[in-house]
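The structure displayed is predicted, hence computed values, not measured ones. Counting starts at 1 for both ligands and their atoms, in listed order.
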Amino acid sequence: MSATDERHAALHHLRNLFRFFARTQCEGRSPLYTRLSEAIAEDQVLLEPLLLAPPGQRRPSLLLASVNHLISDRRNHPLAAYYPIHGGSRPVDDEAPAAFRDFCIEHADELGELLTHRNTQTNEIRRCFALRLGLTRIARHWPGPLAVLEIGASAGLNLHFDTYAYRIGDREADAQDGSPVVLSTTARGGGPVDAMLGRLPPVTYRLGVDLDPVNLSTDPAAGPWLEAFIWPEQVAKLQTLRAAIQLARREPPPLARADAVRDTARLIAQVPGRMPVAVFTASLLSYLGAEGRARFVAQLAAAARERPVAWLFTEAPGLVARTDVTTPSLAGPLRDIGGIYAVGVSLRERNDRHDEVLALADPYLEWIAPARCGGDDFSWAADTGLHEPPRSAGG
Ligand SMILES: C[S@@+](CC[C@H](N)C(=O)[O-])C[C@H]1O[C@@H](n2cnc3c(N)ncnc32)[C@H](O)[C@@H]1O
C-alpha cells in the first residue's frame, strides 16, 4: 500500500470510529461530545491531527481530551462556553462544531504536541463499586485476609477503595464516614445492593501495576491530564476525581510498571504468604488483543496451581466470554451485548473453579444492576433495557 493509500485508509477508519463513538459512547451521556464527534467524523481537517498519534493511540477520546486539556486555561475562547466543567453554560447548538474547529486550528501546534506524545489515560474510581462487590464475594469463598493486585491500574486510585465513602441512590456505606472522596452510583434491575455497602474483608497487601503507570506525586502534569478525560458535563465527577488525586498525592498508592501479558504470574507469586490474591482488572481486556488476553488468563491458571487466585473483572462481557471464564450468562444472553460491562469473579484453586457474573454495569459505573440471585443468567436484562445508555447526562 502506498503512503497516500495508508493515510486514506487511516482517515476512513477514524471517520467510522468517531461515528461509532458518537452513537455508542456519547449519546445519552454527553450532548457536547455527541455533537462534536458527529462533526469530527465528517471533517478531514479535524480527523487529520489524530494521525500524529501512534496507530494504537488514535482514539476519539485522545483528541477530545487534548482539546479539553488546552481549553481548561483558555476560558475566554467561545468553545469554553460549552464546557460546564470549565464554568460554561451555553447549551449545545449549531455553532459548537465551528467553535471546536476554530480552536483546533488556532492551537494546532500545542494540539499536535499532545497528540504525538500523550496516551489515553483514565482512572474511573466509581469502578470501586465493582471491586467492593467482588471482594465481598471472594471473602465468602475464602474467609480471611486477601491481597489485591490491580492490573492496568493507571494512577492506582482504585487501590484507595477502602478509604472512599460510597452511596448507591440514598443508601450509604457507613464505614468510611468523613472521606473527602464520595463515590455515587445508582442501582438498576432490582437486585440486592447490600454487598456493595457492607463490611470489606481485610486486605493486607495491595499493588497496582500498569504498562504506563501514572505517578501523581512526582509528575505535576499527570493530574491535569487525567482530569482532561472527564467529559464536559461531568462537573461532580471532576470534583470527585480531584479529591481522589489529592488523597493519592498525600498517600501514594503502591504502583509499579508491569505487563499483564508477561508478568501476571510473577506478580501473583511475589505476594508474601499463602493468602488468596484478588487480581482486579477494570477496562483492561480491550487493550490486550486476542493473543494477549489468552496469555493473561493462562497466567492466572498457572498461578492458581500454586495458591488461591480470584480474577475480579469489570469488563466487556463479550471479551470475558472469549476467555476461559464460563457462566450461563456469558454463554448466552451477555455474549454479544455491547455498551455494558459484566462485573464478575473467577475463583481458581488448583482444579477447582467457580465463575460467576455478579452484576451488569455501565462501563463508567454510572449504574450497576446486581444479580437477582446466585448464578443469575441475567436473561431478564434484555427486557429491562439495561444495555441502552441512560438518557441523562452523566455526572
Ligand atoms: C482504561 S484504563 C483503566 C484504568 C483503571 N483500571 C480504571 O478502571 O480506572 C486501562 C489501563 O490499562 C493499561 N494497560 C494497557 N495494556 C496493559 C498491559 N498489557 N499491561 C498492564 N497495563 C496495561 C493502560 O496503560 C491503562 O492505564
Side-chain angles (χ1 to χ4, degrees), residues 21 25 53-57 59-62 64-65 117-135 148-161 164 181 183 185 206-216 219 222-223 225-231 234 237-238 240-241 244-245 247-248 253-268 278-300 311-316 319-320 323 340-343 361-366 368 394:
F21 184 70
Q25 303 288 307
Q57 284 294 329
R59 298 191 177 95
S61 54
L62 185 64
L64 293 166
H117 298 295
R118 295 291 184 89
N119 296 335
T120 298
Q121 196 51 267
T122 56
N123 209 171
E124 176 48 77
I125 44 177
R126 265 193 302 216
R127 293 188 180 129
C128 288
F129 280 103
L131 180 56
R132 279 190 80 117
L133 180 63
L135 289 180
V148 171
L149 172 64
E150 183 180 8
I151 304 195
S154 185
L157 299 178
N158 295 342
L159 294 167
H160 279 321
F161 62 93
Y164 301 152
V181 182
L183 305 183
T185 191
R206 69 189 73 195
L207 176 67
V209 299
D210 201 286
L211 259 192
D212 187 15
V214 177
N215 194 326
L216 290 164
D219 178 2
W225 185 241
L226 271 187
E227 289 175 15
F229 286 84
I230 299 288
W231 290 17
Q234 298 178 323
K237 190 167 160 178
L238 179 62
T240 308
L241 177 65
I245 288 174
L247 186 65
L255 270 183
R257 189 179 300 276
D259 183 348
V261 177
R262 286 183 317 164
D263 303 321
T264 296
R266 174 180 65 75
L267 292 163
I268 295 171
V279 176
F280 180 49
T281 73
S283 208
L284 171 74
L285 291 187
S286 63
Y287 287 74
L288 300 187
E291 198 194 319
R293 289 192 286 273
R295 289 175 60 192
F296 167 65
V297 288
Q299 296 211 26
L300 293 176
W311 177 23
L312 198 175
F313 54 82
T314 179
E315 300 280 357
L319 296 182
V320 181
T323 67
I340 58 170
Y341 275 7
V343 179
D362 165 76
Y364 310 96
L365 268 290
E366 282 175 15
I368 185 160

Asks: Closer than 3.5 angstrom, by distance alone: can the side chain of Q299 be matched with the main-chain N or O of A265 as a donor-acceptor pair?
Replies: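 Present.
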Asks: Could you tell me whether the side chains of S283 and Y341 share a donor-acceptor contact shorter than 3.5 Å?
Replies: yes
Asks: Just jot down the side chain to side chain contact (heavy atoms under 4.5 Å, CB included) partners of A222, sequence neighbours excluded, or say none.
Replies: V214, L216, D219
Asks: Applying side-chain hydrogen bond (donor to acceptor under 3.5 Å, both in side chains), can you list everything that pairs with S61, at least two apart in sequence or on another chain?
Replies: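 Scan of S61 (side-chain hydrogen bond (donor to acceptor under 3.5 Å, both in side chains), adjacent residues dropped) gives none.
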Asks: Counting only heavy atoms and a distance below 4.0 Å, can you name the residues contacting ligand 1?
Replies: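 Contacting ligand 1 under 4.0 Å are Q121, T122, N123, E124, R127, E150, G152, S154, N158, D210, L211, A258, D259, A260, A282, S283, L284, Y287, L288.
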Asks: Is any side-chain N of the basic residue among E124 and K237 closer than 4.0 Å to the acidic one's carboxylate O?
Replies: yes
Asks: Which residues satisfy the side chain to side chain contact (heavy atoms under 4.5 Å, CB included) test with A260, sequence neighbours excluded?
Replies: I151, T264, L284, L288, F296
